[in-house]
2 protein chains.
Amino acid sequence: MAATIKDVARETGLSLATISKYLNGGHVLEPNRAAIEAAVRRLGYSVNRVARGLKTRRSMTVGVLIPDLENVFATSIVSSLEDRLQRSGYSTLVCDYRQDPVREREKLEFLAERQVDGLVIMPLAGCADGIRRLQERGVPVVLLDRTVAGCACDTVLTDNRKAAREAVDHLLRLGHRRIGLIGGPAGIQTADERLAGYLDAHAARGIDADPALRMAGAYDVESGHRHASALLAMEPPPTALFVVNHEMTLGAAMALVERQVRIPGDMSVVGFDHRDLARVMTPPMSIVLQPLQEIGEAASELLLDRMAGRRTGAPVLLRLPARRIPGGSTGPPQRQS
Amino acid sequence: MAATIKDVARETGLSLATISKYLNGGHVLEPNRAAIEAAVRRLGYSVNRVARGLKTRRSMTVGVLIPDLENVFATSIVSSLEDRLQRSGYSTLVCDYRQDPVREREKLEFLAERQVDGLVIMPLAGCADGIRRLQERGVPVVLLDRTVAGCACDTVLTDNRKAAREAVDHLLRLGHRRIGLIGGPAGIQTADERLAGYLDAHAARGIDADPALRMAGAYDVESGHRHASALLAMEPPPTALFVVNHEMTLGAAMALVERQVRIPGDMSVVGFDHRDLARVMTPPMSIVLQPLQEIGEAASELLLDRMAGRRTGAPVLLRLPARRIPGGSTGPPQRQS
DNA sequence: TTGAAAGCGCTAACAA
DNA sequence: TTGTTAGCGCTTTCAA
């Protein structure tokens with residue numbers, strides 16, 4: 001159906017090799033150039049990358065595997081990845097695995113069969129084997145957001161512990177002493193690190209953190225809402241809240257709204273990732289923003305370097321700093337101070 | 001580097017054809033089966049889909065092109081698409097074009113070069129040529145969310161006009177007579193349709209819609225916030241609000257929160273798409289939900305039918321009904337009734 | 001600068 | 001059931 005390089009050869013009377021060479025930036029005599037251009041246009045020829053990839057053994061494609069296409073955190077990074085990779089001529093093959101380890105393995109296999117030249121993955125678990133198989137084939141792999149036990153890969157993530165420590169320290173500095181934590185599921189690396197940061201901040205100031213104020217959420221809107229409600233119902237309630245991901249921050253914000261809690265008048269809140277909330281609430285809620293764009297860029301650079309053979313040797317681990325947009329935080333309400 | 005079917009042939013002493021046949025579900029003698037399995041395992045062989053695609057002239061890949069990877073509306077549909085397509089053995093090649101017509105064209109060309117067997121696109125504009133070129137090659141195309149002038153493709157979208165009409169009629173039935181509209185940009189099909197539905201509802205009841213209550217937003221959080229604020233500041237303010245997309249609904253909700261407007265006590269609100277807000281506010285805000293999953297499924301079915309040649313003939317246009325989750329809407333505040 | 005020819009990994013007649 | 005062979009569209013020596 002579609003025109004091939006053969007058709008162009010026939011139309012122009014030139015050989016396959018000449019057409020191919022010209023198409024790949026080689027030089028041909030001016031009249032030939034014109035003839036090729038004309039034939040390409042007339043035939044509506046466009047290169048078949050599948051065939052090219054078979055021959056060159058490079059697909060010029062990078063596989064990108066994320067937990068969920070509906071996860072803005074993930075897709076924002078993908079967006080930045082794609083941007084950078086495209087500038088170097090690579091395309092991205094984006095897959096999600098719906099938080100499902102079985103699917104994760106399947107997709108990994110699929111990407112391998114598609115002959116990706118590199119892989120960027122935000123891993124769940126149990127994909128160590130699949131990753132190693134790719135690496136054995138010489139396909140460089142970059143991990144995002146989390147590490148994988150038993151996998152020696154370049155890794156790019158947010159310095160979660162430091163981000164959490166600074167966020168909580170900010171609240172402590174304002175005078176808060178009862179800071180509710182809406183954390184993530186125990187055992188999940190990002191959640192553990194953010195919890196550690198919360199504890200670090202308290203420890204650094206010699207303040208006892210009341211364990212009753214620490215909630216382990218499920219990283220979804222509902223648990224943010226539920227745990228915030230529970231914290232608000234405590235007697236006495238905390239004077240501040242630290243919420244550690246995008247979805248739970250929205251949930252918590254809504255719980256506060258329902259109860260007509262004024263931020264930061266009645267309660268200071270530091271959320272996570274939800275830039276929209278920061279933009280929209282007045283005074284703005286303080287939000288820790290992970291460096292999504294930078295993560296994508298760093299991962300791309302690492303991968304491009306590895307694919308080009310410019311970088312060899314031991315895997316690197318990049319912990320990028322988060323930043324916090326200030327919000328209108330104040331100290332605890334008068335009755336507390 | 002990676003093992004090929006040749007290696008398996010050598011290891012087993014069988015021919016390429018036998019291996020290939022077995023790998024594609026053919027029958028071989030039991031001892032041969034065992035030998036192949038063993039060799040595959042030992043070599044870590046996995047099929048090279050690039051090569052297979054070249055031979056079969058089918059990539060078993062569907063291109064998916066959306067305006068933005070960070071657009072939850074789009075990625076939710078993609079998620080459902082992928083789910084369905086995968087069950088039929090197809091993989092999806094997801095691209096976004098960042099709301100950029102140039103990029104849109106480039107990605108379309110890219111997908112064509114990748115030999116996709118079908119395309120699902122949420123189009124922006126000016127892609128009619130690219131789409132036609134694919135169709136000429138025999139690649140079926142399904143449009144999402146919007147139609148494209150000059151393109152005869154199957155199309156799946158929400159019945160926006162009806163959804164808007166019903167949402168607004170609901171408010172009118174409750175007794176509201178001044179209903180603020182936070183609409184989308186004029187000229188954008190979905191925005192125009194939703195505006196038309198708003199007007200329909202008024203017309204059907206013979207009620208004059210005050211043009212001052214109609215705002216044209218930019219489909220982003222900020223404009224939802226700004227226009228909601230402006231409407232609230234009017235004298236007299238509307239008693240109800242209809243907001244027509246995901247981002248603006250969040251913006252409007254936040255504006256209401258800031259001003260301590262109680263929903264639906266002081267103001268009834270019907271939003272759009274933002275399921276999270278519905279789940280999280282109490283009483284829940286009424287939200288029009290587009291049938292994301294159904295859109296994805298319908299688009300997949302159409303595409304699969306076309307790709308399999310099971311469906312031929314004129315393109316179909318599917319307008320799927322939205323549904324509205326109720327919220328706690330009431331009539332206008334007492335002073336108004 | 002151009003062309004002939006081989007071959008990337010795989011599948012699909014066709015023959016045995 | 002198995003094997004032989006040709007060739008998908010392209011790139012890339014190597015020779016002309």
Side-chain angles (χ1 to χ4, degrees), chain A residues 1-37 39-40 43-61 89 109-110 112-117 137-139, chain B residues 1-37 39-40 43-61 89 109-110 112-117 137-139:
Chain A
M1 195 83 207
T4 75
I5 204 174
K6 263 188 191 167
D7 300 315
V8 180
R10 191 173 343 96
E11 285 268 313
T12 56
L14 295 166
S15 76
L16 293 184
T18 306
I19 313 293
S20 170
K21 241 164 272 171
Y22 172 68
L23 257 26
N24 287 288
H27 278 200
V28 299
L29 296 182
E30 173 52 25
N32 290 339
R33 191 200 60 74
I36 297 176
E37 284 294 354
V40 163
L43 295 166
Y45 170 82
S46 73
V47 68
N48 180 334
R49 284 179 195 272
V50 171
R52 176 184 284 174
L54 181 59
K55 183 66 197 181
T56 58
R57 315 175 68 66
R58 302 186 64 192
S59 61
M60 295 306 286
T61 299
E109 173 65 13
F110 164 72
E113 292 176 351
R114 285 315 250 266
Q115 314 299 120
V116 293
D117 297 334
R137 277 208 213 167
V139 177
Chain B
M1 195 83 207
T4 77
I5 204 175
K6 263 188 191 167
D7 299 315
V8 180
R10 193 173 341 99
E11 285 269 313
T12 57
L14 295 165
S15 76
L16 291 184
T18 306
I19 313 292
S20 170
K21 240 166 274 172
Y22 172 68
L23 258 25
N24 287 289
H27 278 200
V28 298
L29 296 181
E30 172 54 25
N32 290 339
R33 191 199 59 73
I36 297 177
E37 285 294 355
V40 164
L43 295 166
Y45 170 81
S46 73
V47 66
N48 180 334
R49 285 180 194 270
V50 171
R52 175 185 284 173
L54 180 60
K55 180 67 199 183
T56 59
R57 316 175 66 66
R58 302 185 65 193
S59 61
M60 295 306 286
T61 300
E109 172 65 11
F110 165 72
E113 292 176 351
R114 286 314 250 265
Q115 313 300 121
V116 293
D117 296 334
R137 277 209 215 167
V139 176

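Chain identifiers are assigned alphabetically (A, B, ...) following the order of the sequence lines, protein sequences preceding nucleic acid strands; residue numbering begins at 1 within each chain.
- A donor atom on one side chain and an acceptor atom on the other are found under 3.5 Å apart for B:Arg137 and A:Ser46.
- Boundaries of the chain A contact region on DNA chain D are D:dC8 to D:dT12, first to last in 5' to 3' order (nucleotide atom under 4.0 Å from a heavy atom).
- Taking every heavy atom of both residues into account, B:Ser15 and B:Ala9 meet most closely at C-CB, 4.2 Å.
- Heavy-atom minimum distance, A:Ser59 versus A:Val116: OG-CA, 3.6 Å.
- For A:Ile19 against A:Thr12, the heavy-atom pair with the smallest separation is CD1-OG1, 3.7 Å.
- Taking both residues in full, the closest heavy atoms of B:Glu11 and B:Leu43 are given as CG-CD1, 3.7 Å, listed atom of the first, atom of the second, then distance.
- Within the 4.0 Å cut-off from OP1 or OP2 of C:dT2, not a single side-chain nitrogen or oxygen of A:Thr18 is found.
- A pairwise comparison of heavy atoms in B:Tyr45 and B:Ile5 identifies CE1-N, 3.4 Å as the closest pair.
- The minimum heavy-atom distance between B:Ala51 and A:Leu54, with the atom names listed, is CB-CD1, 3.6 Å.
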Give the C-alpha distance, both sets of side-chain angles, the deciding distance and a yes or no for side chain to side chain contact (heavy atoms under 4.5 Å, CB included) between A:Leu16 and A:Ser20.
CA-CA 6 Å; A:Leu16 293 184; A:Ser20 170; 6.0 Å; no
Going 5' to 3' along nucleotides 6-16 of chain C, which nucleotides have protein heavy atoms under 4.0 Å from the base (write B), which only from the sugar-phosphate (write S), and which from neither (write -)?
BBBBBBB----
